[in-house]
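In the text below, chain A, chain B and the rest are named by the order of the sequence lines, each starting its count at 1.
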Number of protein chains: 2
Amino acid sequence: MTARARIRNAALELFGAEGVGRVSLRAVAQRAGVSHALVLHHFGTKEGLRQACDDYVISLVRDAPDADLGDTAGLAAMLEAGTAVRRYLGRAFLDGSPQAAALFDELVAATGRWLEQGVREGWVQPSDDPPARAAMYVTYLLAPLAFGEHLARSQGVPDVHDLRTLLRFSRAGIEIFTRGVFADERALEAWDAVRDDRGSQRGSR
Amino acid sequence: MTARARIRNAALELFGAEGVGRVSLRAVAQRAGVSHALVLHHFGTKEGLRQACDDYVISLVRDAPDADLGDTAGLAAMLEAGTAVRRYLGRAFLDGSPQAAALFDELVAATGRWLEQGVREGWVQPSDDPPARAAMYVTYLLAPLAFGEHLARSQGVPDVHDLRTLLRFSRAGIEIFTRGVFADERALEAWDAVRDDRGSQRGSR
DNA sequence: CGGCATACTAACCATATGGTCAGCAGAAGG
DNA sequence: CCTTCTGCTGACCATATGGTTAGTATGCCG
């Protein structure tokens, strides 16, 4: 592997694990087995390195192979990526990097089309607010990026990356999306009551 | 407001917005209008300040008033909190601070009980894997903490904190939890097929 | 009043950091 | 063989950072 790529990967891991601010160029260099000057030589500046990481990670998702699952293949790729990439992605979304924002918007658009098609073909429930639903749906699918660690730990599973755990949680998610959580409409009705009540505080849950 | 509290709040805002690593004690001190030495005087060390922020923010959620909505009132409090607190919480979960982990586990436990009760009383769908579902449900509810910014922007809403936006998305979420997304069981069946197929890769979506 | 703790600051220190620079090894090509 | 270009390094620099210390103002209790 080229030194440049080694540096990028090292940065990816460290940035994902600790956050960009807490990782020094020297630490990256050491992990990559090069001098810290070489990092600058290749990426110009720390921000440049960060950008390169963003670009790389996001290209992984965007150029995901096999679109046979519809336009949401990128989402699948995202959730299958390695721990480092997942954590990095979570941070990228939280930090609001422009690339991450663009990716999110793309995902929402693609998912919106996909859901729309599903509605037409009858295998997706219609929605009272399709754009908002598409965005929420994407957010839900992305949520494990940010909370994966807690998900695993809360079930007493040591390794976040254990395949069985991943499968188990994805199954639970699909169950929610297929059968819903609530058995009647009372939550929706309660929400509408809140809204009609001059949209005071609590509209959540 | 006491200087100590001012410092804590300043730290909360800056840490939430930029990440702990990227914020210097001097920046915190300046925002609080004190010398940087006072920050150390009160909190001992930067890590101490971070801890104090964690404790404070999490106490906000844990000691949420009105448990009239059941044990999940803390979740509501979380989602209603100010931008700074929300962002800080998102980062706290991503960074895996012990406090955040404990809070997550509490939320999962409380939600699990709440769902269980709902199942008994008939207003919550039964699940094939209640613990996993509870964890996933909590994760979904928490997701806007990490992705709120993108949610808003993807809908062209400038201000993340606009009440109408918040209500709109929460409504979309409730809709998903009430009616589901999929109209038939094919997604679940597809998942089971993947699992039986020796649980190869893709079990998501 | 005197003594004492508490809140606070200015000045200082060692260190680590991002970034620069001059130069070296070695392959490419004439 | 000589040149040149690229990947790469060690040494260096200015700065900012977390942390310490000595000292000041202030309010409280006897």
All heavy atoms of A/Leu151 vs all of B/Phe104, minimum pair found to be N-CE2, 4.0 Å

With 3.5 Å as the limit, what N/O pairs link the protein to nucleotides 14-21 of chain D?
from	atom 1	to	atom 2	distance (Å)
D/dG18	OP1	B/Lys46	NZ	2.9
D/dG18	OP2	B/Leu25	N	2.8
D/dG18	N7	B/Arg26	NH1	2.6
D/dG18	O6	B/Arg26	NH2	3.3
D/dG19	OP1	B/Thr45	OG1	2.9
D/dG19	OP2	B/Thr45	OG1	3.2
D/dG19	OP2	B/Lys46	N	2.8
D/dG19	N7	B/His36	NE2	3.2
D/dG19	O6	B/His36	NE2	3.0

Suppose we screen for salt bridge (Lys or Arg N to Asp or Glu O under 4.0 Å). Which residues come up paired with B/Arg186, at least two apart in sequence or across chains?
B/Asp184

So, do B/Leu167 and A/Trp191 sit near enough that their side-chain heavy atoms are less than 4.5 Å apart?
yes

Can you list everything that forms a ring pair (Phe, Tyr, Trp, His ring centres under 6.0 Å) with A/Phe169? Sequence neighbours excluded, please.
none

Strand-adjacent residues in residues 2-18 of chain A, judged by heavy atoms under 4.0 Å from DNA chain D:
A/Ala3

Among all residues two or more places apart in sequence or in another chain, which pass the ring pair (Phe, Tyr, Trp, His ring centres under 6.0 Å) test with B/Tyr88?
none

Partners passing salt bridge (Lys or Arg N to Asp or Glu O under 4.0 Å) against B/Asp105 (at least two apart in sequence or in another chain):
A/Arg153

When the ring planes of A/Tyr140 and A/Phe177 are compared, do they come out parallel, tilted or perpendicular, using 30° and 60° as the limits?
parallel

Return a table of donor-acceptor pairs under 3.5 angstrom between the side chains of residues 32-39 of chain B and protein atoms on other chains or two or more places apart.
from	atom 1	to	atom 2	distance (Å)
B/Ser35	OG	B/Leu38	N	3.4

Residues which pass side-chain contact (heavy atoms from CB on, under 4.5 Å) with B/Gln51, listed by chain and number, not counting sequence neighbours
B/Glu47, B/Gln99

For A/Arg87, all residues meeting salt bridge (Lys or Arg N to Asp or Glu O under 4.0 Å), sequence neighbours excluded:
A/Glu149

Pairs under 3.5 angstrom only: tabulate donor-acceptor contacts from the side chains of residues 8-20 of chain B to other protein residues two or more places apart or in another chain.
from	atom 1	to	atom 2	distance (Å)
B/Glu13	OE1	B/Arg31	NE	3.0
B/Glu13	OE1	B/Arg31	NH2	2.6

Think A/His41 has a side-chain N or O under 4.0 angstrom from the OP1 or OP2 of D/dT6?
no

Could you list the protein-to-nucleotides 26-28 of chain C atom pairs, N/O on both sides, closer than 3.5 Å?
none

Separation of D/dT6 C1' from A/Leu38 CG (nearest whole Å)
11 Å

Compute whether any side-chain donor of one residue and acceptor of the other, for B/Thr165 and B/Gln155, lie under 3.5 angstrom apart.
no

Taking only heavy atoms on the protein side, list every residue of residues 49-57 of chain A lying under 4.0 Å from any atom of DNA chain D, sorted numerically.
none

Can you measure from CG (A/Leu115) to CZ (A/Arg133) and round to the nearest 0.5 angstrom?
5.0 Å

